[in-house]
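A quick write-up on the structure given underneath.
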Amino acid sequence: MRILIVEDEQKTGEYLRQGLAEAGFVVDLVRDGLDGKHLALTEDYDLVVLDVMLPGLDGWHVLHEIRQAGRHMPVLFLTARDQVEDRVKGLELGADDYLVKPFAFSELLARVRTLLRRGKSKEPETLRAADLELDLLRRRVSRAGRRIDLTAKEFALLELLLRRQGEVLPRSLIASQVWDMNFDSDTNVIEVAVRRLRAKVDDDFEPKLIRTVRGMGYVLEVPGAA
Ligand code: CA
């Protein structure tokens, strides 16, 4: 597997080059956007790690050129700021994932492996049930075209319910996936969160999508859908 790294900070570049080489990848490192673009368009890489702020040509332009040329290898971009606009811009231009500096090498390696496994297929950017929409890139939710504001936990809970639509999700699973905790029957944190989520997503709308299955858990489904 060949990886191209385009990173102008010498220390970061070397660190990535060495780490990825030790992990068994064949790695090329360049420090300039123009060189990065040239190599990405003329050589065959399985993945590109692309910094945003680069001399010559910035990461956005390099990415744009790569996609314009019809090259679809996964691109993981590195950004110095965790800004939603940056993330959305990169993903809209065709990046597959991003990391905010500083990051741990283990994190980068995990992302690289996931992207290589996933290859060229991209996951859907919007999850839907009836007229409910959850936009994964912009982290926005709307129903019947009306914007719904959710907390981070409510968003994660709704995302999980939508991804596993039609499946009854036990509280223990919700606890581990959304709260990263072991289920403790003394806590009603899940009930409270589900109630709040329903108030926002279902109360003013028809049909009701989130249901309690007594003694089992919760399910999100469109009534009547098989
Ligand atoms: Ca840079």
Side-chain angles (χ1 to χ4, degrees), residues 1-127 134-140 151-152 155-156 159 180:
M1 289 281 198
R2 289 186 73 190
I3 295 181
L4 172 65
I5 303 170
V6 191
E7 167 61 90
D8 59 314
E9 289 164 39
Q10 192 158 347
K11 239 174 85 182
T12 312
E14 258 323 300
Y15 168 72
L16 292 179
R17 193 193 58 74
Q18 199 180 332
L20 288 169
E22 279 167 12
F25 298 101
V26 177
V27 184
D28 288 330
L29 168 64
V30 291
R31 301 205 160 84
D32 178 282
L34 288 167
D35 294 342
K37 174 190 143 190
H38 176 73
L39 280 183
L41 297 188
T42 55
E43 301 284 320
D44 266 326
Y45 292 101
D46 298 291
L47 183 137
V48 180
V49 177
L50 183 61
D51 186 31
V52 172
M53 300 304 289
L54 289 167
L57 194 62
D58 70 29
W60 306 129
H61 285 94
V62 175
L63 178 58
H64 179 72
E65 298 277 341
I66 290 175
R67 295 307 186 221
Q68 279 289 104
R71 299 223 157 199
H72 297 292
M73 72 287 241
V75 172
L76 170 64
F77 76 97
L78 307 177
T79 163
R81 312 175 299 164
D82 187 10
Q83 298 265 344
V84 173
E85 307 86 76
D86 276 13
R87 191 159 75 216
V88 170
K89 185 174 181 187
L91 295 170
E92 278 178 351
L93 280 170
D96 299 87
D97 202 355
Y98 77 102
L99 268 180
V100 177
K101 295 177 181 178
F103 51 81
F105 180 75
S106 56
E107 174 73 19
L108 177 112
L109 187 58
R111 303 284 184 101
V112 163
R113 289 194 165 131
T114 302
L115 288 174
L116 288 172
R117 252 197 317 272
R118 205 162 81 194
K120 288 162 191 167
S121 66
K122 291 187 74 179
E123 64 172 321
E125 292 164 357
T126 306
L127 303 173
L134 181 147
D135 180 332
L136 289 162
L137 292 188
R138 292 172 188 78
R139 302 193 67 77
R140 276 185 201 159
T151 65
F155 187 93
E159 181 182 343
D180 201 17

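Read the numbers this way: they start at 1 and go in the same order the structure lists the ligands and their atoms. Just so you know, these numbers use all the heavy atoms, side chains as well, and skip hydrogens, waters and symmetry mates.
- The N, O or S atom of Asp51 lying closest to the Ca ion (ligand 1) is OD2.
- One of the N, O or S atoms belonging to Asp8 lies under 3.0 Å away from the Ca ion (ligand 1).
- At distances below 3.5 Å, at least one donor-acceptor pair connects side-chain atoms of Asp46 with backbone N or O atoms of Arg2.
- Ring pair Tyr15/Phe105 is perpendicular by interplanar angle, where above 60° counts as perpendicular and below 30° as parallel.
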*asked:* With salt bridge (charged side-chain N to carboxylate O under 4.0 Å, His left out) as the criterion, how do Arg113 and Asp97 come out once you've worked through the C-alpha distance, each side chain's angles and the decisive distance to 0.1 Å?
replied: CA-CA 12 Å; Arg113 289 194 165 131; Asp97 202 355; over 6 Å; no
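- Checking Met53 against the Ca ion (ligand 1), an N/O/S atom falls under the 3.0 Å cut-off.
- The 12-atom threshold is not exceeded at CD of Gln10, counting heavy atoms of other residues, nucleotides or ligands nearer than 6.0 Å.
- Among the backbone and side-chain atoms of Glu7, none of the N, O or S atoms lies under 3.0 Å from the Ca ion (ligand 1).
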